[in-house]
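I have placed the structure first, in the form of structure tokens, so that the comments after it can refer back to it.
Worth saying up front: this structure is predicted, and the values here are computed from it rather than measured. Numbers restart at 1 for each chain; the letters A, B, ... are given by sequence-line order, proteins then strands. Side chains are part of it too, since the values below use all heavy atoms of this structure and drop only hydrogens, waters and symmetry mates.
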Protein chains: 2
Amino acid sequence: MLQTVQRAAQVLRLFTPEQPEWGVTEVAAALRLPKSGAHSLLSTLASEGLLQRTPGGRYRLGWSLFEHSQTLLETTDFLLIARRMMEQLVAGWGETTHLAVLIDGQVLYVEKLQGDRALEIVLSRVGKRLPAHCSGVGKVLLAHRPWEEVVAIVERQGLPAFTPNTITTIDRLRVELEEVRLQGFAYDQEEVMVGLCCVAAPIRDESGQVIAAMSLSVPAYRFYPYRQRLTTAVIEAARHVSTQLGYYGEEPEWTSVKRSRSRSSARATSVRT
Amino acid sequence: MLQTVQRAAQVLRLFTPEQPEWGVTEVAAALRLPKSGAHSLLSTLASEGLLQRTPGGRYRLGWSLFEHSQTLLETTDFLLIARRMMEQLVAGWGETTHLAVLIDGQVLYVEKLQGDRALEIVLSRVGKRLPAHCSGVGKVLLAHRPWEEVVAIVERQGLPAFTPNTITTIDRLRVELEEVRLQGFAYDQEEVMVGLCCVAAPIRDESGQVIAAMSLSVPAYRFYPYRQRLTTAVIEAARHVSTQLGYYGEEPEWTSVKRSRSRSSARATSVRT
DNA sequence: CGCTGCTGTTCACAATAGCTGAACGATGGT
DNA sequence: ACCATCGTTCAGCTATTGTGAACAGCAGCG
């Protein structure tokens, strides 16, 4: 593990919507580095376009990140397909849909389409992370990871409560995830925000791996009456995306390893290092 | 300059829409590194989320890049404002508008809105770079950089010709840029694509620095009849953005660089329309 | 107007992080 | 069942990077 690269990544992570601009001294203080070291990192990152120097000698995120992000989006197969299905969902229900992936044990919202009938959901924002245990998409994504990985995530990040309904114990989470895996979808019953429910379903690639999750978020009072129909709508939409990605089988999953050049040993066997 | 960080950035740059997936050996060959070195880079980048490991042990760009890109976009003041003006331009003319910044001597398209009357412009794509000397936005951006910098850029990248109209000599470029700077806008008269013209104007921040350029792209046969009106439309749109960013003065420019050490300051979001 | 407190930047030296090349283990193709 | 090729690991040497103090520029204040 290259320490210098790790530090550079740490530097990038400092830049947030709340503090989008950093100076050398601030970075040095935040990362417990000598000023000169922070300066090296910042200036090389800037010369590579990953940061940009402001006229005042401070630093902001650079446009190379936007470039790379665009190539990522353009080459992510499920995005375009999922977006089409999301548009149909919004057109049909007028509610808000989310598309999310699991990264580092958290949910990252990749796309969000808001319906005309929908209330503004402030918590979710494209490009934002949220804990996975409380949302529909999060539970879907967690449910299809090996249990040991889920345990590791929970040990690292805990199970913070957002509402009285949020799952806060690992036992409850285990039961819930099993259910989600068996039935093929997840509900969020006001677990992240009071008054807000959602249904989420998994998106699979051709190998059966769950690579993303799609959801429909609905105000509670409109959710319960239509729950059944909402559920099938989301499931079918997600299924349709998976099919277009080349997924036909039922449940290959990571159990019977038939993947190409799979290095599953690192994940399946035991905890490494 | 931290060599390791530079190499890491080089690795990221390898990932393109044409080749979005790389293996250790390929990277090693492309960068003339020993396999083990390439492996170090790839695996640490992956562990930081800047890359992701595919099940086959190969690598793709990681979602952290998307995250960082989003925070960049959200904290870039001119984007939201410019987007509104671009929508008005498209609504009024039905043509295609571009928003671009200068990065590394090249034009990077940040936003593109296509009008219903417009023909598909394949060359420009959000997130894509193009040489600066041939497009309207490029000439605007170059015109407001110190001449020595322009010379350095040309020496590094040359003046590749796209059409018979493309500027291919540094003398011609100097004259053109002077004109652009004086008149406050730039034309592209079929210099990047035969049959396509455009008008571009600069967007300035509160210090007068040109930070971006906006343009209207129009088929040649529709461009010349309406040139005057198109020009004023783009100029006024860009001017409006600059004003909302806090630009009042005339031409502070980079002569007498008053480097405001102002921190995030009061965001330029002065008034909402 | 010239202080003083901050910035970001530069430099030499010391030591540690990382580059190197070969050997490993596992995969897919023949 | 083989071989070719891939990603991964390891231990040693070299060069890169971390270090801390001194430098230069700007803002604000007296």
Closest contact, heavy atoms only, [X] versus [Y]:
X: B:L177; Y: B:K139; answer: CD2-O, 3.5 Å
X: B:E26; Y: B:E21; answer: OE1-O, 4.2 Å
X: A:L173; Y: A:L159; answer: CD2-CD2, 4.2 Å

query = Quick one: is D:dT8 close enough that its OP1 or OP2 comes under 4.0 Å of any side-chain N or O from B:Y59?
reply = yes
query = Counting just side-chain N and O atoms, does B:H39 come under 4.0 Å of either OP1 or OP2 of D:dG7?
reply = no
ask   = Which pairs count as salt bridge (Lys or Arg N to Asp or Glu O under 4.0 Å) when at least one residue sits in residues 62-72 of chain A, sequence neighbours excluded?
value = A:E67-B:R129
task = Measure distances between side-chain N and O atoms of A:K35 and base N and O atoms of C:dG8, and say whether any donor-acceptor pair falls under 3.5 Å.
result = yes
Send over the distance from [X] [atom1] to [N] [atom2], rounded to a whole Å.
X: A:R58; N: D:dA27; atom1: CZ; atom2: C1'; answer: 14 Å
X: B:E21; N: D:dC6; atom1: CD; atom2: P; answer: 14 Å
X: A:Q6; N: D:dG18; atom1: CD; atom2: P; answer: 12 Å
X: B:R60; N: D:dG7; atom1: CZ; atom2: P; answer: 16 Å

message = Test your reading of the model: is there a side-chain donor-acceptor pair from B:R204 to the backbone of B:Y248, 3.5 Å cut-off?
response = no
ask   = Would a distance-only check, ignoring hydrogens and angles, find a side-chain to backbone donor-acceptor pair under 3.5 Å from A:S43 to A:H39?
value = yes
note = Expected string for nucleotides 14-20 of chain C under the B/S/- scheme (protein heavy atoms, under 4.0 Å, primed atoms plus P, OP1, OP2 as sugar-phosphate) is ---SSSB
